[in-house]
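Report on the following structure.
Just so you know, these numbers use all the heavy atoms, side chains as well, and skip hydrogens, waters and symmetry mates. Throughout, residue positions are numbered sequentially from 1 according to the sequence presented.
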Amino acid sequence: MRRLEKPNSPHGGYMKSRFKQKNKKNRWADHLTQKAKTEKYPARSVYKLMEIQKKFKVIQKNSRILDLGCAPGSWLIYASKIAGPEGKVTGIDLNEIKIRLPANAVFFKGDIFNMESSLDMESGLAESIGKDYKTVLSDMAPSTTGRKEIDAARSFDLCMAALNCALELLSCGGNFVCKIFQGNDFKRFESEVKKNFMHCNIFKPESCRKASKEIYIIGKTKKN
């Protein structure tokens, strides 16, 4: 039960204000979750990509897009809508996705840390996904431990794997979107993106949970 402050408590106004703020945040989260269900997306994370697309135009019509860590499939669905029927979206994840895929999307189960070995032997993924993508997206996040420094380090490892994949598979002039947890290695990762793309932007969508340490780095126009 929430402890109520007495009317004459010097902290009463603060407690009331904080409670209102918390309720407002919860309502915002609930609103986006319900909105995603209504709009037939499996997760509210789709609104992060919508904000990124609106601001940075990372996905073009009729282009090829690679979605790393695509489960449960919200980014996959949205990217396929932007790419249109002449475009193609490929998703990769360790977990199966349960949604019905759009006609211009395909899913492969696998681990990007092992692109050339087990994935290639199990499903022919490395050969199947091909190269010359216009956009590589990564909304991957590690299993969290609750220890910020460990979680941030794991996020960095995932981000470097995503970046290496992007540098290998993107065509010249392509775009890269990657989620990272802010931590000691953040500037190091930002520097790597700046080194390989003409433009580098840091962006936190409004639809991110306020308490989250996640932020997005957008690399536009891959260098030769």
Side-chain angles (χ1 to χ4, degrees), residues 45-46 48-70 74-93 104-108 110-117 119-120 125-142 155-183 185-205 208 214-224:
S45 59
V46 66
K48 302 173 190 177
L49 182 56
M50 286 184 181
E51 290 184 59
I52 292 168
Q53 174 65 14
K54 182 178 180 180
K55 187 174 181 67
F56 299 103
K57 301 296 188 295
V58 292
I59 302 171
Q60 283 78 47
K61 190 175 181 180
N62 302 330
S63 63
R64 297 181 68 224
I65 299 111
L66 180 62
D67 183 5
L68 303 174
C70 65
S74 290
W75 281 32
L76 199 62
I77 295 173
Y78 179 70
S80 69
K81 290 180 180 179
I82 301 299
E86 300 301 317
K88 182 66 175 292
V89 185
T90 300
I92 303 173
D93 202 288
N104 63 339
V106 62
F107 168 76
F108 293 95
D111 185 352
I112 69 165
F113 280 114
N114 208 6
M115 288 283 289
E116 295 301 328
S117 55
L119 288 184
D120 195 44
L125 179 60
E127 181 179 350
S128 297
I129 65 174
K131 294 188 178 183
D132 297 323
Y133 285 89
K134 184 61 179 176
T135 306
V136 171
L137 307 170
S138 173
D139 196 36
M140 294 188 294
S155 174
F156 172 76
D157 289 341
L158 277 176
C159 290
M160 285 304 300
L163 177 60
N164 290 335
C165 186
L167 296 179
E168 177 69 22
L169 302 179
L170 276 175
S171 59
C172 181
N175 302 320
F176 176 56
V177 175
C178 188
K179 178 169 73 180
I180 184 170
F181 291 174
Q182 297 175 71
D185 292 314
F186 176 80
K187 287 295 183 183
R188 180 180 166 192
F189 183 67
E190 181 187 11
S191 177
E192 288 298 317
V193 175
K194 286 181 176 179
K195 186 190 304 182
N196 291 285
F197 292 84
M198 294 292 293
H199 309 283
C200 177
N201 296 278
I202 300 170
F203 181 63
K204 184 161 186 173
C208 288
E214 68 183 23
I215 199 164
Y216 290 83
I217 290 188
I218 295 97
K220 293 201 69 178
T221 316
K222 177 180 173 285
K223 300 176 183 178
N224 291 329

From Met198 atom CE to Lys220 atom NZ, the distance as rounded to the nearest 0.5 Å: 12.5 Å
Side-chain heavy-atom pair Trp75, Cys70 within 4.5 angstrom cut-off: no
Geometric class of the Phe56/Phe203 ring pair [parallel <30°, tilted 30-60°, perpendicular >60°]: perpendicular
Flag, side chain of Thr135 to backbone of Val58, donor-acceptor distance under 3.5 Å: yes
Distance-minimising heavy-atom pair for Ala141 and Leu158: C-CD1, 3.5 Å
Cationic N near anionic O, under 4.0 Å, Lys54 to Glu51: no
From CD1 (Ile77) to CD1 (Ile82), nearest 0.5 Å: 13.0 Å
Closest non-hydrogen atom pair, Ser155 against Pro142: N-CG, 3.7 Å
Validation row: Ile129, Leu169 side chains within 4.5 angstrom (heavy atoms): yes
Heavy-atom closest contact (Leu66 atom, Cys165 atom, distance): CD2-SG, 4.1 Å
Inter-residue atom distance Asn201.CG - Lys55.NZ, 0.5 Å rounding: 8.0 Å
Between CD on residue Glu214 and CD on residue Gln182, distance to nearest 0.5 Å: 9.5 Å
Cys200 versus Val193, closest heavy-atom pair with distance: SG-CG1, 3.8 Å
Audit row: Ile59, Leu137, side-chain contact (heavy atoms from CB on, under 4.5 Å) steps and yes/no: CA-CA 10 Å; Ile59 302 171; Leu137 307 170; 4.3 Å; yes
Nearest heavy-atom neighbours spanning Cys208 and Tyr216: SG-CE1, 4.0 Å
Which atom of Lys88 lies closest to which atom of Ala83, heavy atoms considered: N-CB, 4.4 Å
Rounded distance [0.5 Å steps], CD1 in Ile52 versus NZ in Lys179: 10.0 Å
Partners passing side-chain hydrogen bond (donor to acceptor under 3.5 Å, both in side chains) against Lys195 (at least two apart in sequence or in another chain): Glu192
Minimum side-chain heavy-atom gap Met50-Tyr78 below 4.5 Å: yes
Test log, rule side-chain contact (heavy atoms from CB on, under 4.5 Å), inputs Phe197 and Leu167: CA-CA 10 Å; Phe197 292 84; Leu167 296 179; 4.1 Å; yes
Distance in Å, Lys223 NZ paired with His199 NE2, rounded so as to fall on 0.5 Å steps: 9.5 Å
Ile65 and Lys134, any side-chain heavy atoms less than 4.5 Å apart: no
Side chain to side chain, Tyr133 and Thr90, heavy atoms closer than 4.5 Å: yes
Exam field: side chain Asn175 to backbone Thr221, donor-acceptor pair closer than 3.5 Å: yes
Side chain proximity check, Ile217 to Phe186, heavy atoms < 4.5 angstrom: yes
